[in-house]
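Working notes for the structure below.
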Amino acid sequence: MKLILLSDSVFSDRDYDRFGINTLLERKVEVELWCFQNIRHEIIRNNTNLFEGENEKINRYIFSDYMDLERKKIDLTGVFIIDKRSGFYGKYNTCWFQLHGGIIVKLNSSLLPASDVTYLNSLKQKLLALGNKKSLFFMVAAIKNKLRHIIAKQCNPDIVVCTGLDSNLFNSKRFIGSHAFDYDIYLSLESQKSTTVKAEVDYMVFLDNGMVSHPDYKLLSIEPYCTKDKYYRSMNNLFDMLEHKFSIPVVIAIHPRSVNISEIKEMYGGRKVFKGRSAELVRDANTVIAHDSTSINFSILWNKPLLIISTDEILKNYISYISIKNILSLLKTNSINADDFDPDMDFEILANKPIKQYQIYKEKLIKTKGTPDKNSCDIFIDELLLFYPAQSGRSISR
């Protein structure tokens with residue numbers, strides 16, 4: 001059996017783990033990573049490492065242009081394809097690989113709530129943030145982008161891996177009921193409970209998602225959602241108040257791709273920062289604080305009180321505004337604006353408010369109801385062998 005991942009962004013050690021590459025390899029699935037980053041992002045062609053971490057178990061093909069792709073004389077008959085590219089590739093979209101024999105797998109995981117905010121409301125918010133000058137250019141670009149997506153949807157995936165009710169939105173020959181990658185981590189940590197010693201001190205954990213320093217800002221040459229001075233001042237003021245109210249410290253679970261940990265610790269007022277331990281920190285926390293991180297999943301799975309935080313800058317940014325708005329809508333709760341909050345409000349009541357919606361959130365976005373509690377990669381492979389047993393020994397011909 002062969003599986004090819006198509007990507008146009010950095011493929012990190014975290015991606016390696018979350019896609020269950022080790023499990024795939026252990027079960028004799030041949031895995032390849034086809035990278036289109038040089039085609040999509042001209043600006044970073046010569047100054048960015050395409051991969052974070054090195055693992056020679058995956059064969060990697062880095063395409064310099066479309067002719068490079070054509071020269072491979074591809075026959076993908078019987079090969080499973082997961083297209084995780086986010087750019088627009090004209091005729092070389094997912095359909096092109098399907099026409100060359102590939103079995104297209106749509107993997108819906110790490111989902112955030114889909115928009116319950118109307119398109120007109122979101123468009124209004126975007127135009128207000130841009131101002132009159134840039135609004136016309138935005139509208140033209142939005143129309144072009146919409147047309148591109150219409151063109152790109154000429155074919156349907158052969159298999160859709162569903163990780164909740166909101167992921168079963170495609171016409172497909174086959175559906176696989178599974179769960180989000182975070183649920184695998186949850187299962188693993190639940191099995192270790194008996195050997196885990198709980199932290200001696202209660203704490204609140206903030207799930208940092210790189211509003212100021214996410215590495216993709218530099219990678220894609222875009223402006224950060226928030227400015228350093230304003231963001232950290234606002235967040236630290238809020239944390240100071242919460243620490244006073246709850247009489248416990250706030251610790252920071254920094255984004256897993258963060259680089260300068262010592263600087264981040266300083267910007268968060270010297271608070272304790274941890275990298276790569278979001279799940280454990282949420283499991284043992286008193287309360288979780290977040291913007292729109294997908295790690296909110298752990299709050300839902302461990303039934304933790306949750307505070308959703310915004311700032312003036314976040315509310316002015318179209319992408320972050322809509323993302324947080326959708327989370328609030330599904331959890332039927334309210335956010336706290338770190339730049340404008342009432343210190344006398346009952347934060348404990350607010351933090352417990354979304355818990356009533358956790359089961360709905362889980363069934364919509366984290367786990368398909370009735371599916372087995374085992375690693376999602378094993379579910380995936382078992383179902384592929386069930387649907388396409390003849391492919392277990394197939395290989396790509398060139």
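Values below: all heavy atoms of this structure, side chains included; hydrogens, waters and symmetry mates excluded. Computed from a predicted structure; not experimentally measured. Throughout, numbering of the chain's residues begins at 1 and tracks the sequence.
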Would you say the side chains of [X] and [Y] form a donor-acceptor pair under 3.5 Å?
X: D68; Y: Y61; answer: no
X: Y203; Y: D284; answer: no
X: D75; Y: T77; answer: yes
X: W34; Y: E32; answer: yes
X: H179; Y: D184; answer: yes

Check this for me: does any side-chain nitrogen of one of [X] and [Y] sit under 4.0 Å from a carboxylate oxygen of the other?
X: R233; Y: E313; result: no
X: E266; Y: R271; result: no
X: K353; Y: E348; result: no
X: D378; Y: R27; result: yes

Hey, is the main chain of [Y] close enough, under 3.5 Å, to the side chain of [X] for a donor-acceptor pair?
X: S320; Y: I314; value: yes
X: S293; Y: S295; value: yes
X: K272; Y: I252; value: no
X: T368; Y: T371; value: no

Could you tell me if the side chain of [Y] sits less than 4.5 Å from the side chain of [X], heavy atoms only?
X: L242; Y: L307; value: yes
X: N297; Y: Y361; value: yes
X: V273; Y: I261; value: yes
X: E190; Y: D373; value: no
X: D83; Y: L5; value: no
X: L6; Y: F97; value: yes
X: M1; Y: K28; value: no
X: C162; Y: I176; value: no

Point to revise | Steps toward side-chain contact (heavy atoms from CB on, under 4.5 Å) verdict (L281, F298) | key: CA-CA 9 Å; L281 288 168; F298 298 124; over 6 Å; no
How many angstroms lie between atom [atom1] of [X] and atom [atom2] of [Y], to the nearest 0.5 angstrom?
X: T23; Y: N375; atom1: OG1; atom2: CG; result: 4.5 Å
X: S64; Y: Q37; atom1: OG; atom2: CD; result: 13.5 Å
X: I296; Y: I289; atom1: CD1; atom2: CD1; result: 12.0 Å
X: K364; Y: I300; atom1: NZ; atom2: CD1; result: 13.5 Å
X: F181; Y: S376; atom1: CZ; atom2: OG; result: 6.0 Å
X: Y268; Y: D208; atom1: OH; atom2: CG; result: 3.5 Å

Check your understanding: Yes or no on side-chain contact (heavy atoms from CB on, under 4.5 Å) for I248 and E243, after CA distance, side-chain angles and deciding distance?
Key -> CA-CA 5 Å; I248 55 176; E243 288 173 335; over 6 Å; no
Exercise for review: Carefully, step by step, assess F36 and I62 under the rule side-chain contact (heavy atoms from CB on, under 4.5 Å).
Suggested key: CA-CA 6 Å; F36 291 76; I62 304 171; over 6 Å; no
Would you mind telling me which of [options] makes a side-chain hydrogen bond (donor to acceptor under 3.5 Å, both in side chains) with [X]?
X: Q359; options: K356, E363, K362; answer: E363
X: S234; options: D340, D312, D339; answer: D339
X: S323; options: D292, N209, N317; answer: D292

Exercise for review: Start with the C-alpha gap between I309 and S335, add the side-chain angles, then the distance that decides, and say whether side-chain contact (heavy atoms from CB on, under 4.5 Å) holds.
Suggested key: CA-CA 5 Å; I309 309 301; S335 63; over 6 Å; no
Do [Y] and [X] have ring centroids that are under 6.0 Å from one another?
X: Y186; Y: W302; value: yes
X: F246; Y: F347; value: no
X: Y225; Y: H291; value: no

Exercise for review: Would you sort out whether F11 and Y16 count as a ring-ring contact (aromatic ring centres under 6.0 Å, His included), showing the intermediate values?
Suggested key: CA-CA 7 Å; F11 193 83; Y16 186 94; 7.1 Å; no
Review point. Would you say F63 and L99 are hydrophobically clustered, going by side-chain heavy atoms of ILVMFWY under 4.5 Å?
Key: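 Result: no, two separate clusters.
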Point to revise | Test: K2 cationic atom under 6.0 Å from F80 six-membered ring centre, within 45° of axis | key: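 Not satisfied by the 6.0 Å and 45° rule.
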